[in-house]
2 protein chains.
Amino acid sequence: MASLADSIERYLKALLDQAREGMIEIRRVELAQEFECVPSQINYVLATRFTPEQGYVVESRRGGGGYIRILRLSWGSPPGLLQQICCSIGDEISQEDAEALLCRLGEIGAVSSRQEAMLRASLRMETSMLDPPWDGILRASLLKAMLMVLFEEY
Amino acid sequence: MASLADSIERYLKALLDQAREGMIEIRRVELAQEFECVPSQINYVLATRFTPEQGYVVESRRGGGGYIRILRLSWGSPPGLLQQICCSIGDEISQEDAEALLCRLGEIGAVSSRQEAMLRASLRMETSMLDPPWDGILRASLLKAMLMVLFEEY
DNA sequence: CTGATTTTGACCTTTCTTGACCTTCGCTGT
DNA sequence: ACAGCGAAGGTCAAGAAAGGTCAAAATCAG
């Protein structure tokens, strides 16, 4: 049973898939009514699943005629993809950011859900023994190494 | 007499046999109820019979709508090869042994020379900062993690 | 009998859901 | 102008709904 938050997330991402320009605009109350939940549930979904780390930007305006706008940041074309990713990983990365990145790779179909699960599990296992800042440093290079191997590129 | 843990193990593996993609998702409480046991029994089964060394990866999420997901690793050509390798790596491995292993994998064509080089380089980089015994422990899990990803099919 | 494995249960952490209360914005009447 | 009102959306904290941990107790195999 997927949670309500999951359903809303899927719904919004489906909308984004259809939308041109990777941007959608919604009314918080309306969406809440569709899912029969309190409006703040929408904020929860946005706060936990549409962060910049996950590749989204959310804008909103209050008052009459208010709205919530969600845009999906796009990664460039495949040739430079790995490079961009590695760049965004940097020398150090938190478990949360790493998982968000894997999530995005899954969403765009760059890795299968099985691969995603394995990468995530590996990252967690390998770095669980280390303390900051070593864990973040290790995670970064481990992730880059695994992605390089996966994509068979340099 | 098969123990409870054995029964749960068999049940889960039967589910995996039927499942597409070698992946299943369960609710810990539900499973516990089916077998009329405490939920933590499920964790025990997972911890003792579904480890990476035995060819499984387990992921889970807490909170409302939580779940436990189990993946069976199915690596290609020589069935069981990765499992054997993981076993032979153990909990700890020296840089020399690791490189020798990579070398062998290269010889039998399990990894390309590029991949071999990448793996070797990653191993060196990641563990150069640590002192024994941490470097060996880290190297072992690093190597297993990367090989898991590398041999992943689907 | 002894050591290893299994089973249980008390307690912990994470994630989700809800609701009360707050802030911002546009419009309208003075 | 501008004060007031209604219509958005925002915040936060409490409680519910999962799963996780750990170690003691029970059981099993040799």
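Within every chain, numbering begins at 1; the chains are lettered A, B, ... in the order of the sequence lines, protein sequences first and strands thereafter. Side chains included, hydrogens not; waters and symmetry mates left out as well; all remaining heavy atoms used.
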Can you tell me how far P of C/dA20 sits from CG of A/N43, to the nearest Å? 17 Å

Roughly, in whole Å, what's the span from CD1 in A/I8 to C1' in C/dT17? 10 Å

Just verifying a value: how many Å separate B/R69 CZ and B/E59 CD, rounded to the nearest 0.5 Å? 5.0 Å

For D/dG10, does OP1 or OP2 lie under 4.0 Å from any side-chain N or O of A/S60? yes

Nearest 0.5 Å please: distance from the CG atom of B/L101 over to the CG atom of B/L143. 6.0 Å

Could you state the atom-to-atom distance from CD1 of B/I26 to C1' of D/dG20 in whole Å? 14 Å

When you compare the protein's N or O atoms with those of nucleotides 12-18 of chain D, which come within less than 3.5 Å of each other, and at what distance?
| residue | atom | partner | partner atom | Å |
| --- | --- | --- | --- | --- |
| D/dA18 | O4' | B/G63 | O | 3.3 |
| D/dA18 | N3 | B/G63 | N | 3.1 |

Using whole Å, report how far CG of B/D6 lies from P of D/dA29. 10 Å

Please determine, for the side chain of B/L4, which listed nucleotide (C/dG19, C/dT8, C/dC16) has the closest atom? C/dT8

A/K13 bridged to A/E107 by N-O distance under 4.0 Å: yes

So, A/S113 versus A/E116: side-chain donor-acceptor pair below 3.5 Å or not? no

Do NZ/NE/NH1/NH2 and the carboxylate oxygens of B/D17 and B/R10 come within less than 4.0 Å? no

Going by atom types only, do A/D6 and A/S3 share a side-chain donor-acceptor pair under 3.5 Å? yes

Hey, are A/E92 and A/R139 close enough for a salt bridge, meaning a charged N less than 4.0 Å from a carboxylate O? no

Rounded to the nearest Å, what distance is computed from the CD1 atom of residue B/I42 to the P atom of nucleotide C/dG9? 14 Å

Rounded interatomic separation in angstrom, taking CZ from A/R10 and P from C/dC16: 13 Å

By nearest heavy atom, map B/Q41 and A/Y44 onto DNA chain C; which one lands nearer the 5' end? B/Q41

Separation of atom CD1 in A/I68 from atom P in D/dT11, rounded to whole Å: 10 Å

Under 4.0 Å, counting only non-hydrogen atoms across every strand here, what does B/R69 touch: a base, just sugar-phosphate, or nothing? nothing

